Amino acid sequence: MQQTLKNMEQPVRVRFAPSPTGPLHIGGVRTALFNYLFARKNNGKMILRIEDTDRTRYVKGAEKYILDSLKWCGIQIDEGIGKRGGNQRKGPYRQSRRAERDIYKKYVDELLKDGKAYYAFDTQEELETLRKEYEKQGKAFSYNYNERKKLRNSLTLTDKDIKKLCNKNAPFVIRFKIEPGEPLQIPDEIRGNLTFNTSSLDDKVIFKSDGMPTYHLANVVDDHLMEISHVIRGEEWIPSLPLHILLYRTFGWEPPKFAHLPLILKPQGKGKLSKRDGDKMGFPVFPLEWRSPEGEVYKGYREAGYLPEALINMLALLGWNPGTDHEIFTMDELINNFSLENVGKSGARFDPQKAVWFNHQHLQQLDNDKWVKMFIQELEKKKKPASPDKVNRIIPLIKDRVDFVHQLWSQADFFFEPPASFDEKTIRKRWKGDMPGIISKIIPLLENVSPFQSDLLEKAIKDWLSENRLEPGNVLNILRLLLVGSPRGPHLFDIMEILGRDETIARIQTGLKSLPVPAMG
């Protein structure tokens, strides 16, 4: 079958259509992102549709979680759920609401009338028994053109039997009737032509007795009515593609263009990334923290300290290649550079350490005012209030040492409180001979340096060490120990300047009293 696809003159309209069955996985975020980038690149519209026809799997709070996640990630919706005002003429955008308006029933009735669909009255127990019988024979059961001849459906039952079942309100489903033996060649924007044969397809359920369509029918009907130009979705939907194309053809509609994205793979490179991988290896697989109705809590990228810009940048490069070695992108830069032609066919391996690297890079690009604001918020959590001026002086000394904002305290705690203990290894290595006397003689130097700033402090102390033929390494490391408590932190004299003269001298004096008598020699 040769499909005629919508030409590019049609306005670009893409949709993200998640099901509210739980938290939004980062694979779903990436699907939403690629739709968004494509829409913005082509001056198109991004539609959010909630596909909630399977009410048995509906999870309370999941829809709000989806909306909150997209908002945090900076993925903006032009039309649909969560969008107020504007052009909402193709709604409602929640499939359960559309089903209430009998939008889908009209098309099911059309298929039944034309002999393209049929009622099936087989119970779940009957079908499960058949599956087990086939398994014993080493076969897989499929409700297809061959098997339907032997089963309880409107193709095999008499009108009298059908009427009797209907009078008893017997449960039923409506299946789409697929004729065997037809080759299908379907273009994919990422993978080229995909080849199928209808003989390998089963007669999928498209409507249930509860009045709800299944995903397959609702998806096709809604994409047509909402004038979707491109369906950009995960490769797990490739097996459903021939059925969807057959439904389009049966209704006489032009299908949208399809693009099936590669999987996000486990860090080991084999298999689809799952929640279990995150639990086992200690990284999030959801954008935001998720608290299930049962009380389970799953960590999110936001709560782990990631910037949304970093998560988006990382996800964009899982499956898409900009064609250069450039790795750091803003959302606007992603939009300008994005194309489906540069999306790969093979799965993209998720690297937790690379995600941390992206966060570090995006943090470093923040202006100093944002750093100051974030650090003051961290200090307030620690009940360590500080002036913006002091924080502003500290930030340049420590920001390149952190991957996450919450690490700022561990890199700067000594600016706000004196050491509670002293590193034993440094004491054993450096605290020897007449070190207390040497350090004591530095105190008068500190009292006379004016102004009390890093460069002048460094010159005064190093000149004195040189004049007295003292080893700088030992003395400066002990000074750091007395001020910080351990061999860490930025430039020693920068620390002194920010602590100020009085606090620097007070810490040295306290340390001299606290440390044990040094070993001689």
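The analysis underlying the following values was restricted to heavy atoms, covering all of them including side chains, and did not include hydrogens, waters or symmetry mates. Keep in mind the model is a prediction, meaning the values are calculated, not measured.
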Intermediate values then yes/no, side-chain hydrogen bond (donor to acceptor under 3.5 Å, both in side chains), Asp463 and Ser466: CA-CA 5 Å; Asp463 285 351; Ser466 177; over 6 Å; no
Counting only N and O atoms by type, is there a donor-acceptor contact under 3.5 Å from the side chain of Thr31 to the main-chain atoms of Gly27? yes
In terms of side-chain geometry, is the basic nitrogen of Asp455 or Lys459 positioned less than 4.0 Å from the acidic oxygen of its partner? no
Is there a donor-acceptor contact under 3.5 Å from the side chain of Arg349 to the main chain of Pro267? yes
What do you reckon, is CZ of Arg55 surrounded by more than 12 foreign heavy atoms closer than 6.0 Å? yes
On a heavy-atom basis, which atom in Pro490 and which in Ile495 lie closest, and how many Å separate them? O-CD1, 3.6 Å
Is there a donor-acceptor contact under 3.5 Å from the side chain of Gln364 to the main chain of Lys399? yes
Answer yes or no: is there a donor N or O on one side and an acceptor on the other, between the side chain of His326 and the main chain of Ile328, under 3.5 Å? yes
For Asn477 and Gly473, indicate whether the former's side chain and the latter's backbone hold a donor-acceptor pair under 3.5 Å. yes
Do the side-chain N and O atoms of Arg233 and His260 include a donor-acceptor pair separated by under 3.5 angstrom? yes
Could Glu63 and Arg94 be called an ion pair, given the rule that one side-chain N must be under 4.0 Å from one carboxylate O? yes
With a 4.5 Å heavy-atom cut-off, do Lys299 and Phe283 have their side chains touching? no
Among Lys45, Arg13, Arg40, Lys83, find the one that has a salt bridge (Lys or Arg N to Asp or Glu O under 4.0 Å) with Asp78. Arg40
I'd like to know whether Trp290 forms a ring pair (Phe, Tyr, Trp, His ring centres under 6.0 Å) with Tyr65, so could you lay out the CA-CA distance, the side-chain angles of the two residues, the decisive distance to 0.1 Å, and finally the verdict. CA-CA 8 Å; Trp290 166 253; Tyr65 180 92; 5.3 Å; yes
Grab the two heavy atoms, one from Tyr93 and one from Lys90, that are nearest each other, plus how far apart they are. OH-N, 3.3 Å
Between the side chains of Lys64 and Asp68, is the shortest nitrogen-to-carboxylate-oxygen separation below 4.0 Å, so that they form an ion pair? yes
Taking side chain as C-beta onward, heavy atoms only, is Glu289 less than 4.5 Å from Arg291? yes
Which atom names give the shortest non-hydrogen contact between Leu273 and His25, and what distance separates them? O-NE2, 3.2 Å
Any side-chain to backbone donor/acceptor pair from Asn35 onto Ile232? Under 3.5 Å, distance only. yes
Evaluation steps, side-chain hydrogen bond (donor to acceptor under 3.5 Å, both in side chains), between Asn193 and Asp188: CA-CA 6 Å; Asn193 286 331; Asp188 185 282; over 6 Å; no
Side-chain donor or acceptor of Arg480 paired with backbone N/O of Arg488 under 3.5 Å: yes
Val402 vs His360 side-chain heavy atoms within contact, under 4.5 Å: no
SB check Arg49 Glu51 (cutoff 4.0 Å): yes
Does the pair Tyr306 and Phe404 meet the rule for a ring pair (Phe, Tyr, Trp, His ring centres under 6.0 Å), with working shown? CA-CA 7 Å; Tyr306 286 83; Phe404 301 97; 4.8 Å; yes
Phe415 and Arg393, any side-chain heavy atoms less than 4.5 Å apart: no
Quick test of your reading of the model: are Arg191 and Glu235 salt-bridged, counting only N-O distances below 4.0 Å? yes
Measure from the side-chain N and O atoms of Asn359 to the backbone N and O of Leu307, and report whether any donor-acceptor pair falls under 3.5 Å. yes
On a heavy-atom basis, which atom in Trp464 and which in Ile438 lie closest, and how many Å separate them? CH2-O, 3.8 Å
Heavy atoms, side chains only, cut-off 4.5 Å: are Phe16 and Leu70 in contact? yes
For the atom pair OH (Tyr58) and CD1 (Ile50), what is the distance rounded to the nearest 0.5 Å? 9.5 Å
Heavy-atom donor-acceptor pair, Asn321 side chain to Gly323 backbone, under 3.5 Å: yes
Without swapping roles, check the side chain of Trp431 against the backbone of Pro516 for a donor-acceptor pair under 3.5 Å. yes
Please determine whether the number of non-hydrogen atoms from other residues, nucleotides or ligands lying under 6.0 Å from atom NZ of Lys354 exceeds 12. yes
Just to verify, which of Thr53, Asp52, Asp54 counts as forming a side-chain hydrogen bond (donor to acceptor under 3.5 Å, both in side chains) with Ser96? Asp52
Testing Phe34, Phe329, Tyr36 for ring-ring contact (aromatic ring centres under 6.0 Å, His included) with Phe338, which one passes? Phe34
